[in-house]
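Please read the structure below before turning to the comments.
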Amino acid sequence: MNPIVVKSLKKYFKEKGKTIKAVDNVSFSVKKGEIFGLLGPNGAGKSTTINILTGLLSRDSGSIQILGYEPEENWDYVKNKVNVSTAYYPVTEVLTVKQNLKVYGHLYNVKNLKARINELLSQFELNKISNRKVIKCSTGERTRISLCKGLINNPEVLFLDESTSGLDPDIAEKTRTLIKEYQEKNNTTILFTSHYMYEVEELCKRIAFMSDGKILTIGTSDELKKLIKDQTIEIKVIKNHKDLKKLLKDEGVDILFTEKNTIIFQVTKGSNKTYEILNKIFKAGFKLSHLHINKPTLDDIFIKIARKK
Amino acid sequence: MKLNRIWAMLLKFWYITINRPDRIFDIIYWPVIDLFVWGFASVFIQQVSDVSFLSMFLGGIVLWIFVWRSSQDIAVYVLEDFWGRNLYHQFSSPITLTEHMFSVMLFAFFRSICTFVVLTILAFIMYRFFIFSIAPFIFIAASIAILSLFGWAMGLFVTSLVLRFGQRIQVLAWSSVWIVQPFSCVFYPLSALPTWAVPVAKVLPTTYVFEGLRAIINGNLVNISSLLYSLVLTLIFLVLTSFLIRIAFKHAKSSGLLARGD
Ligand SMILES: Nc1ncnc2c1ncn2[C@@H]1O[C@H](COP(=O)(O)OP(=O)(O)OP(=O)(O)O)[C@@H](O)[C@H]1O
Ligand SMILES: [Mg+2]
C-alpha cells in the first residue's frame, strides 16, 4: 500500500467570475520511503496539491489516500503521523522558538517532548536562539524552525513545500543532509517541492512535472532528461574555421556562437545526430583542440516546460 | 476532543499573553477606566436620588466584563493566527475546529475571571461596593455562566464572519459587543428603551440578567424562571453560532483562506 495516493484530483478556484484550474485531474502515488518531487513553474498547482493533502483545502473531486485512509475518514489518525514544513508560513511569531516547539509537540502528542526538542534544536543548530521570538529570527532561521516543527512528531509522511528556500548554501547543504539522513533512518515518505533543481536531483527518486494544474510527466531525473533531445556542442578547431562553419551549415544545425576558432552549435535530434555530425567533421580532416558536449539539465527541462505555456 | 491538544492551545495562548505586555494590560485597562468614570458618576447621582445607582451601575460594569471579554478574546485570539499567518500550521496539525474554539473559550473565561477579580477588589476599595453582598451568590454565578456563554456565542459569530470574509472585517472583533450593550439594558431598565428597541432587548439573554440584578437590588427575590428563559435563549444563540462557524470554516477550507491566511 502506497502512503500517498492521489487520483483524479481537481481543485478550481473562482475569482471575479474567472475559473482558475489550480489542480486539474492530477493522479500520482508515492511509495513507502520515497522522496517524490513535484516540480513546475510558479502557479503550477504544487502548493494547492499539498494543501489538499494536509487538510487545509477541500477538493472539488477526486480521491486521496494517506497511509491507507481517506483522510476525512480518520483525520485524527492521519494527521498525527503526518507533518508539513514550508518556508512561507512561519510558526507563531510572537512565541519563542522553544515555546513554538512545545506547543506543536503537545498538539502532535509527542512522547519525551523535552528530549525531542533538544535533539531537533541541536540538529538544526538552533540552540543559541531557542529563546528568541520567531519574529526576530532571520529568514534562514525561520526556515529551520519550520523544519523542526515539521519533524517534531517523527512523521511517517512529510510534506515539504519549498521548505529550504532562503537558506544560505552551507546551511542548505546541511539541511539536505539532515533531511536525507532522517529519511533513510526512518524510511519516511516525503512529498517535496522546490525551485532548486540540483536539490531536487539530489534528493528525489522520482519527479513529477506539473504545469497549469496538470502533471505532464513522471520519472526519474535521468528519464526526464532523455525527454529533451537538445545537445549543445562546443568545438575549437586548429585551422580552417570557415570551412567547418560551412559544413555545419550544410548539415542544417543551429550555430549559436562563433568566435575565432570556437564554434558552439545545437543539435535538436538527440545524440545519434550528434555522433553523425562529429563523424563527418573528423572524416573531413578537421583537427580539434577542444570538444565539449553539454547534456540537458533539469533546469533545461524546467525552462522548456515553463516556456511552453 | 483530546486533552493534549486543548492543553497545547492553552499553552499557546498563555505564551502569547506573557510575551505581549499589551495582552496583560488589556485585562484591566478599559474595565478600570469604566470603573472610575461610572463609579464616580454614580456616587454623584446617588447623592441627589434615592435609587441605588451605585449598586446598579457597578454591578452592571462588573458583570458586563464576562460578555465583553469572552466575545472579544475569542475573536482576537483567532485573529492573532491570521496576523501571524499561522492558520497554516495550526490547521494542518491534528487539532479540530471544536477543540480550537473550546480552548479559546476556556482561555477567554480565564481572562474574564482575572478582570472580574481585579474589578471586584478595586470596587470594594474605592466605593465599598462588593458584588456578592448585593445579590445571592447563586444569582451571580448563574449570571456569570449566562453572560460568558452569550459572549462565546458573540465571539463565534464574529469569528465566523472573519473566516468568511477575511481580515478586512476585523474591526467587528472590537465593536460588536458595543452594539449589543445598549439593547442589553445594562445600566437602565427595559422600560427606559424606546418601543422599537424593546423586541430586540427581549431576544437578548443579557437583558434578563441585568433586569434581574436590578430587581434584586430593589429588594425582590431571584426570578428563577426568567433566568432559565435567559439560559435557553443563550443556548439557542450558541447552537446557531456553532452552526455558523462550521459553515464559515468549510468555506475557508474551500476558498483557500486557511492555507493562505489573508
Ligand atoms: N486561494 C486561492 N484563490 C484563488 N486562486 C488561487 C488560490 N490559491 C491558489 N490559487 C491559484 O491557483 C494556481 C496554483 O497555485 P499554487 O499555489 O498551487 O502554485 P504553485 O505551483 O505552488 O506555485 P509556486 O511555485 O509559485 O509556489 C495559481 O494560479 C494561483 O494563483
Ligand atoms: Mg507553491
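First the proteins, then the strands, lettered A, B, ... as listed; each starts at 1. Values below: every heavy atom of this structure, side chains too, minus hydrogens, waters and symmetry copies.
- With a threshold of 4.5 angstrom between heavy atoms, A/N80 approaches chain B through its backbone and through its side chain.
- Between A/Y108 and B/P94, the shortest heavy-atom distance links the atoms CE2-CD, 3.5 Å.
- The neighbour count for A/K32 NZ, taken as heavy atoms of other residues, nucleotides or ligands under 6.0 Å away, is above 12.
- Other residues, nucleotides and ligands contribute more than 12 heavy atoms inside 6.0 Å of the CH2 atom of A/W75.
- Taking chain B as the reference chain and counting heavy-atom pairs below 4.5 Å, the highest number among A/S146, A/G55, A/G105, A/P90 is found for A/P90.
- Under a cut-off of 6.0 angstrom, the local environment of CZ in B/F157 is sparse, with at most 12 non-hydrogen atoms contributed by other residues, nucleotides or ligands.
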Pair B/K253, A/I52 - check side chain to side chain contact (heavy atoms under 4.5 Å, CB included), show working.
CA-CA 9 Å; B/K253 261 188 173 180; A/I52 293 172; over 6 Å; no
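- Between the NZ atom in A/K79 and the CZ atom in B/F91 there is a gap of 8.5 Å [rounded to 0.5 Å].
- Taking NZ from B/K12 and OH from A/Y104, the interatomic distance works out to 5.5 Å, rounded to the nearest 0.5 Å.
- The backbone N or O of A/T92 lies less than 3.5 Å from no partner atom in the side chain of B/R85, so there is not a single donor-acceptor pair.
- Expressed to the nearest 0.5 Å, how far OG of B/S254 lies from NZ of A/K14 amounts to 9.5 Å.
- Here the CD-CG distance, from B/Q90 to A/L56, works out to 10.5 Å after rounding to the nearest 0.5 Å.
- Only the side chain of A/E93 comes within contact range of chain B, judged by heavy atoms closer than 4.5 Å.
- Atom OG of residue B/S92 and atom CZ of residue A/F159 lie 10.0 Å apart, to the nearest 0.5 angstrom.
- Neither the backbone nor the side chain of A/T48 comes within contact range of chain B, judged by heavy atoms closer than 4.5 Å.
- Just one residue in the list A/V103, A/L107, A/V91 forms a side chain to side chain contact (heavy atoms under 4.5 Å, CB included) with B/H89, and that residue is A/V91.
- With contacts defined as side-chain heavy-atom distances shorter than 4.5 Å, the pair B/N19/A/K133 qualifies.
- Residues B/Y88 and A/V84 have side chains in contact (heavy-atom distance under 4.5 Å, counting atoms from C-beta outward).
- Side-chain atoms of B/N86 and A/Y89, non-hydrogen and from C-beta on, never get closer than 4.5 Å to each other.
- Taking A/V78, A/T86, A/N83, A/N153 one by one and counting their heavy-atom pairs under 4.5 Å with chain B, the maximum is reached by A/T86.
- Within 6.0 Å of CG in B/L3 there are 12 or fewer heavy atoms belonging to other residues, nucleotides or ligands.
- Heavy atoms of B/E80 lying under 4.5 Å from chain A belong exclusively to its side chain.
- Residue A/N112 places its CG atom among 12 or fewer non-hydrogen atoms of other residues, nucleotides or ligands, all under 6.0 Å distant.
- For CZ of B/F36, the number of neighbouring non-hydrogen atoms (other residues, nucleotides, ligands) closer than 6.0 Å is 12 at most.
- Between chain B and the residues A/T96, A/V134, A/D76, the largest count of heavy-atom pairs under 4.5 Å involves A/D76.
- Checking side-chain atoms of B/N4 against main-chain N and O of A/H106 turns up a donor-acceptor pair under 3.5 Å.
- Side chains of A/K149 and B/S93 form no contact here, defined as non-hydrogen atoms less than 4.5 Å apart.
- For the pair B/L258/A/L57, no side-chain contact is recorded, criterion being any heavy-atom separation below 4.5 Å from C-beta on.
- Contacts of B/T96 with chain A are absent, with no heavy-atom separation under 4.5 Å from either backbone or side chain.
- Within a 6.0 Å sphere centred on OH of A/Y12, heavy atoms belonging to other residues, nucleotides or ligands number more than 12.
- In this structure, B/K250 contributes its side chain and A/S58 its backbone to no donor-acceptor pair below 3.5 Å.
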